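Order of the sequence lines fixes the chain letters, A, B, ..., with proteins taken first and strands second; residue numbering starts at 1 for each chain. Keep in mind that this is a model prediction, so the values were computed, not measured.
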Number of protein chains: 2
Amino acid sequence: MNISDAADRSGLPAKTIRYYEDIGLVRPARSENGYRDFGETELHKLVFLGRARALGFTIEDCRALLALYEDDDRASGDVKRIAEGHLDQINQKIADLEAMRATLSHLVACCHGDDRPDCPILEGLGGPAQA
Amino acid sequence: MNISDAADRSGLPAKTIRYYEDIGLVRPARSENGYRDFGETELHKLVFLGRARALGFTIEDCRALLALYEDDDRASGDVKRIAEGHLDQINQKIADLEAMRATLSHLVACCHGDDRPDCPILEGLGGPAQA
DNA sequence: CCTTGACCTTCCAGTGACTGGAAGCCTTAT
DNA sequence: ATAAGGCTTCCAGTCACTGGAAGGTCAAGG
C-alpha cells in the first residue's frame, strides 16, 4: 500500500507518516521504485500512533508504548505507569488552564467593551499586583 | 537598571527579556558601555508582558494588548475582543483535555498494572475502533 | 596594577511535532 | 508524447523560548 492509502486508512497526513519513519517509529518496506510500501502491521502501528497522539502522549511516550505493544512479555504495570504519568500531566494542564480561565473571565466580565478607553482587563495586566 | 535587576523585578528570565527586545516588545535604553538600561516604563511593560503570558496570551496578542495599553485613545472593546477570543481558545483546550482525561482514565482504571502482559490500555490504542 | 569573578554583550543552535514548499523521479491515462 | 498526479528527498519555518560559546565590562581584593 502506498503512503496516501496508508494516510487515508490511518487518518494521519502523509507528511506525518514520513516524519514517523524519519524518527524510527515505523519501518515500512520499499517497493522497487523506491516508494514506501505499507503492510498491515505498519498500518496498524500508524493507527496505534494516531490514537496515542490523540490522547496527548508525547512521541517518546508513543515510542515506549509501541515497544510494549509489540512485546508479548510486557508487564502491564509498565504501560499503566506511563499512562498515569501522562494523566497527571493532563490534570496539571487542566488545572493551569482553569486558573487562567478564572482570572481572565473575571476581567472580561468587568470590561464593558465599548469605545471608551477605560478597561479593567488592561488594569489587571498593568496595574499593581492584586490579591 | 541592568537586565538582571529588571529580571528580578519583573519575574522574567534575562534571556526572555532579551528575546522580547529582539522581537520589538520592549525598547530599553542603552548605557554608554552597551548594557541595556531599563527605566520604570520598560520595567512596567515587562511586568505587563509577564502577566499576559501567564494568562496564556500569545506573543502577538501581547503585542496588540501592549499597544492598546499604551494608547490613551483605545477602545476597551478592542481589548475585550482579544481577551474573549483567547478565552474561547482556553475553553476549547480544556474541553479537549477533559475528553482525553475521560478516555485515558477509563483505560487506566481497567488496567490491573501488574507484571502480566494483558493490558486494556494497549488494547484501546491498538485494537479495533470502539464506540 | 593585576587578577578574579560576576556581570554584560552578541550570535548560533536546539526544543516538539510537525508543516509547507521546492526540485525532481515515477506512473497512468489519453 | 504529454499531462496530471503521486512519490521521493531535503530545507526551512512554526512558537516562545533556552542553552551555550566567545568575548567585552566592572567592582573588589591583593
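- In this structure, Pro13(A) and Tyr35(A) both approach DNA chain C, and ranking their closest nucleotides by distance from the 5' end singles out Pro13(A).
- Counting any heavy atom pair closer than 4.0 Å across all strands shown, Ile3(B) reaches sugar-phosphate atoms only and no base atom.
- dC17(D) atom C1' lies 9 Å from atom CD1 of Ile59(B), rounded to whole Å.
- When side chains are defined from C-beta on, Leu66(A) counts as touching Phe48(A), because their heavy atoms get closer than 4.5 Å.
- Scanning both residues, Asp115(B) and Ala75(A), for their nearest heavy atoms gives CA-CB, 3.5 Å.
- The terminal axes of the helix from dC1(C)-dG30(D) to dT30(C)-dA1(D), fitted over 5 pairs per end, subtend an angle of 30° to the nearest 10°.
- Judged by distance alone, the side chain of Arg74(B) and the main-chain N or O of Tyr69(B) form a donor-acceptor pair under 3.5 Å.
- One can place CG of Leu49(B) at 14 Å from C1' of dC17(D), the figure rounded to the nearest angstrom.
- Looking at Arg63(B), its side chain does come within 3.5 Å of a backbone N or O of Ile23(B) through a donor-acceptor pair.
- Here dT25(D) presents its C1' atom at 11 Å from CG of Asn2(B), a figure rounded to the nearest Å.
- No donor-acceptor distance shorter than 3.5 angstrom exists from the side chain of His86(B) to the backbone of Asp61(B), with no hydrogens or angles considered.
- Ion pair Asp114(A)/Arg116(A) flagged as a salt bridge, since at least one NZ, NE, NH1 or NH2 atom sits closer than 4.0 Å to an Asp/Glu carboxylate oxygen.
- Side chains of Leu43(B) and Ser10(B) form a contact here, defined as non-hydrogen atoms less than 4.5 Å apart.
- In terms of position along DNA chain D, the nucleotide closest to Tyr19(B) lies nearer the 5' end than the nucleotide closest to the other residue of the pair Lys15(B) and Tyr19(B).
- Note: CD1 (Ile17(A)) to P (dG6(D)) measures 15 Å, nearest angstrom.
- At the phosphate of dC15(D), neither OP1 nor OP2 sits under 4.0 Å from any side-chain N or O atom of Arg63(B).
- Annotation: side chain of Met1(B) is in contact with side chain of Arg9(B) (closest heavy-atom distance under 4.5 Å).
- A distance-only check finds no donor-acceptor pair linking the side chain of Arg53(A) to the backbone of Cys62(A) [under 3.5 Å].
- Counting to the nearest Å, the P atom of dT25(D) and the CG atom of Asp37(B) are 17 Å from each other.
- One finds a side-chain N or O of Tyr20(B) lying less than 4.0 angstrom from the OP1 or OP2 phosphate oxygen of dC17(D).
- Nucleic acid contact for Arg36(B): sugar-phosphate only, since backbone atoms but no base atoms lie under 4.0 Å from a heavy atom of the residue.
- Residue Thr16(B) places no side-chain N or O under 4.0 Å from the OP1 or OP2 atom of dA16(D).
- Each of Thr58(B) and Glu32(B) has a nearest nucleotide on DNA chain D; the 5'-most of these lies closest to Thr58(B).
- The distance between atom CD of Glu21(A) and atom C1' of dC7(D), rounded to the nearest whole Å, is 13 Å.
- Taking 4.0 Å as the cutoff to heavy atoms of chain A, we find the contact window on DNA chain C bounded by dA17(C) to dT27(C).
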